Amino acid sequence: MLDKRFIRENPDAVRQAVRVKGLDLDVDELLRLDQEHRKLQFEVDQAQSRRRSFAKEFARADEERRAQLRAEHAEFDQRLKELREQLASTGERLTNLMLQTPMIPWDGAPVGPDESANVVIRSWGEPPTFDFTPLDHVDLAEKRGWAEFARARRVAGERAYVLCGEAVLLERALHSYALAVLGARGFQLMSVPALVKEAPLVGTGMLPKGRAEIYEIPADDAYLAGTAEVSLVGLHSGEILDAGRLPIRYAGISPCFRREIGSASRDVRGLLRVHQFEKVEQFVICAADQAESDRWHAELLGAAEEILQALGLAYQVVECATGDMGVGKYRMNDINTWFPSLGMYRETHSCSSLRDWQARRANVRYRDADGTIRFPFTLNNTAVATPRLLAALIENLQTADHRVRVPEVLRPYLGGRDLL
RNA sequence: GGAGGGCUCGCCUAGUGGCCGAUGGCGGCGGUCUUGAAAACCGCUAUGGGGGCAACCUCAUCGUGGGUUCGAAUCCCACGCCCUCCGCCA
């Protein structure tokens with residue numbers, strides 16, 4: 001969500017953002033509603049002011065005068081009621097449009113309609129070469145008894161999976177390692193709800209646009225969050241933080257649920273695109289300062305790269321195009337990790353800066369040293385998301401005899417074993 | 001699931017229909033005093049919207065949303081959350 005004043009003063013910048021992000025938002029209608037809303041607000045204010053003074057007069061009046069006042073104000077009350085209704089309905093329409101306002105993307109973002117316009121900005125590592133025919137993660141896992149797919153789908157339908165035995169330990173090792181890396185970098189470890197109310201989903205920007213992507217539990221007016229970010233933002237919703245508390249850095253771990261409606265029949269095999277997964281997410285709330293936010297963006301990207309490098313997985317860092325980055329993003333960098341079975345790099349991490357777009361929605365504020373109340377900037381990035389990263393790991397580190405080399409950093413979590 | 005109690009300005013608290021955007025204390029900030037500090041004393045100390053160049057004016061907000069009333073923190077209804085007890089349960 002953008003600042004209304006900013007929209008009034010820079011409508012062209014907003015129109016431009018709507019265009020390059022491929023959105024459907026009528027900025028002129030928004031401006032018109034904003035103006036109408038302000039006009040109605042003014043009228044309602046005046047009417048209520050009058051109502052208050054009338055009430056005071058009433059208190060002082062005698063019975064005869066009171067009867068007279070009641071009669072006089074019947075019509076006025078009706079008018080006030082109508083004004084209030086108009087204000088409410090205009091406000092509702094305005095809010096609907098405001099929730100669709102996009103963050104203005106940064107100058108460096110490639111302009112393009114979708115991920116095809118993304119640009120690789122750096123690479124690390126070389127895709128492994130095998131002197132045998134490598135298996136994909138599904139065949140490898142089944143051969144080793146590390147996963148069940150057919151049976152899992154009997155239980156939970158398409159895209160379901162079961163991890164078994166050592167795969168369970170390996171998955172947990174990835175998360176434990178990610179938490180250790182982030183803990184060492186000063187992040188507060190947080191295990192957060194995945195079952196959430198509507199408000200934090202709107203606050204993060206997952207709703208209203210992403211409704212089709214989110215599991216809904218109508219009986220309880222609840223939803224299953226697709227990322228820990230939802231809870232982490234929601235934790236501070238409505239608060240005015242002390243500037244001294246910033247930056248807030250969280251490493252949030254949670255199960256994540258996504259309906260994958262827009263990807264039906266894509267990646268249906270294996271562990272790449274599933275409805276339920278486990279993720280450690282990095283999340284930062286920092287002062288409303290672009291330079292500081294940029295530093296955190298680099299830091300979040302750096303933590304993810306540290307993890308991938310320690311795991312020995314080749315990856316590329318991608319500068320995401322305007323059409324790929326989503327409504328609220330200022331800047332987005334995906335990290336794509338090499339998957340031998342696909343012969344390509346696939347997204348395992350996504351690092352985003354949102355400036356104050358999310359804080360505004362979630363109503364998270366802070367008090368600056370000089371007492372000014374501001375909306376902070378928020379950023380987030382994946383640290384480890386499994387089983388997708390687990391699949392990358394076993395594919396890349398497999399051996400000819402269908403075993404998997406354990407990266408050194410994971411060995412402490414696997415009883416010191418260097419081979420599974 | 002059942003029964004009860006509660007939700008007021010950072011924290012605690014006063015307030016049962018108009019004098020209440022709201023009392024008092026604590027905390028915080030500024031000042032006086034002091035060599036310095038403490039104590040004491042004085043002052044300030046919510047957020048959002050609208051109007052105005054500005055000083056400032058105005059409206060809204062006492063968990064949320066409705067209702068009653070000329071007028072609601074206060075009365076009524078629904079919902080949310082917290083606490084206590086019983087039951088159930090990982």
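Chain letters run A, B, ... following the sequence lines, proteins first, then strands; residues in each count from 1. In this text the structure is predicted, and so the values were computed from the model without any measurement.
Comparing the P positions of B:rU35 and B:rC20 gives an interatomic distance of 44 Å, to the nearest angstrom. Here the separation of B:rA22 from B:rC59, taken at their P atoms, is 12 Å to the nearest Å. For the P atoms, the distance from B:rA78 to B:rG24 is 36 Å, rounded to whole Å. A gap of 15 Å separates the C1' atoms of B:rC44 and B:rC9, to the nearest Å. For B:rA39 and B:rG27, the P atoms lie 8 Å apart once the distance is rounded to whole Å. A distance of about 44 Å separates the P atoms of B:rC89 and B:rG67, rounded to the whole Å. Distance noted for atom C1' between B:rG21 and B:rG5: 28 Å (whole Å). Only the P atoms considered, B:rC83 is 25 Å distant from B:rC76, to the nearest whole Å.
Taking atom CZ of A:Arg65 as the reference point, atom P of B:rG71 lies 16 Å away to the nearest angstrom. Rounded to whole Å, the distance from CZ on A:Arg245 to P on B:rG10 is 15 Å. Distance CD (A:Glu75) to P (B:rC70): 16 Å, rounded to an integer number of Å. What separates NE2 of A:His37 from C1' of B:rG51 is a distance of 15 Å, to the nearest Å. A:Glu64 has its CD atom 18 Å from the P atom of B:rC70, to the nearest Å. As rounded to whole Å, 12 Å separates atom C1' of B:rC29 from atom CZ of A:Arg367. Rounded to an integer number of Å, the gap from CG of A:Asp370 to P of B:rG28 is 21 Å. Across the protein-nucleic acid pair, A:Phe42 atom CZ and B:rG51 atom P stand 8 Å apart, rounded to whole Å.
Open room surrounds CD on A:Glu408; 12 or fewer heavy atoms of other groups in view lie less than 6.0 Å from it. Other residues, nucleotides and ligands place no more than 12 heavy atoms under 6.0 Å from the CD atom of A:Glu92. Enclosure of atom CZ in A:Arg259 by more than 12 non-hydrogen atoms of other residues, nucleotides or ligands within 6.0 angstrom is indicated. A:Gln35 CD: 12 or fewer foreign heavy atoms inside a 6.0 Å radius.
Judged by Watson-Crick or G-U wobble contacts below 3.5 Å, the nucleotide B:rA14 has no partner. The pairing partner recorded for B:rC75 is B:rG67, the criterion being a Watson-Crick or G-U wobble arrangement whose two distances lie under 3.5 angstrom. In this structure B:rC9 sits in no base pair that meets the Watson-Crick or G-U test at under 3.5 Å. Across the strands present, B:rU32 finds its partner in B:rA40; the criterion is a Watson-Crick or G-U wobble pair with both atom distances under 3.5 angstrom. Under the Watson-Crick or G-U wobble criterion, with both distances below 3.5 Å, B:rA60 is paired with B:rU47. In this structure, B:rC89 forms no base pair with any nucleotide, since neither Watson-Crick nor G-U wobble geometry is met with both distances under 3.5 Å. Nucleotide B:rA3 has B:rU84 as its partner under the Watson-Crick or G-U criteria, with both atom distances under 3.5 Å.
Contact check, A:Arg60 against B:rC19: no side-chain N or O comes under 4.0 Å of OP1 or OP2. Side-chain nitrogen and oxygen atoms of A:Arg70 include at least one within less than 4.0 Å of the OP1 or OP2 phosphate oxygen of B:rC70.
Looking at A:Leu163 and A:Leu271, their side chains come closer than 4.5 Å, going by heavy atoms from C-beta outward. Side-chain contact between A:Arg388 and A:Phe277 is absent, with no heavy-atom pair separated by less than 4.5 Å.
Comparing B:rG18, B:rG51, B:rA46 against the side chain of A:Arg38 picks out B:rG51 as the nearest.
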Check nucleotides 54-64 of chain B for protein N or O atoms closer than 3.5 Å to its own N or O atoms and list the pairs.
unit_1	atom_1	unit_2	atom_2	d
B:rC59	OP1	A:Ser49	OG	3.3
B:rC59	O3'	A:Gln48	NE2	3.3
B:rC59	O2'	A:Asp45	OD1	2.8
B:rC59	O2'	A:Gln48	NE2	3.4
B:rA60	OP2	A:Arg52	NH1	2.4

Intermediate values then yes/no, ring-ring contact (aromatic ring centres under 6.0 Å, His included), A:His297 and A:Tyr330
CA-CA 11 Å; A:His297 190 95; A:Tyr330 168 76; 8.5 Å; no
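Between A:Arg15 and A:Asp28 a salt bridge is recorded (basic side-chain N to carboxylate O distance below 4.0 Å).
A residue-by-residue look at A:Asp77 and A:Arg365 shows that A:Arg365 has its nearest nucleotide of RNA chain B further toward the 5' end. Checking A:Ile240 against A:Phe54, the closest nucleotide of RNA chain B that is more toward the 5' end is the one next to A:Ile240.
Nearest heavy-atom pair across A:Glu229 and A:Gln358 is OE2-NE2, 2.7 Å.
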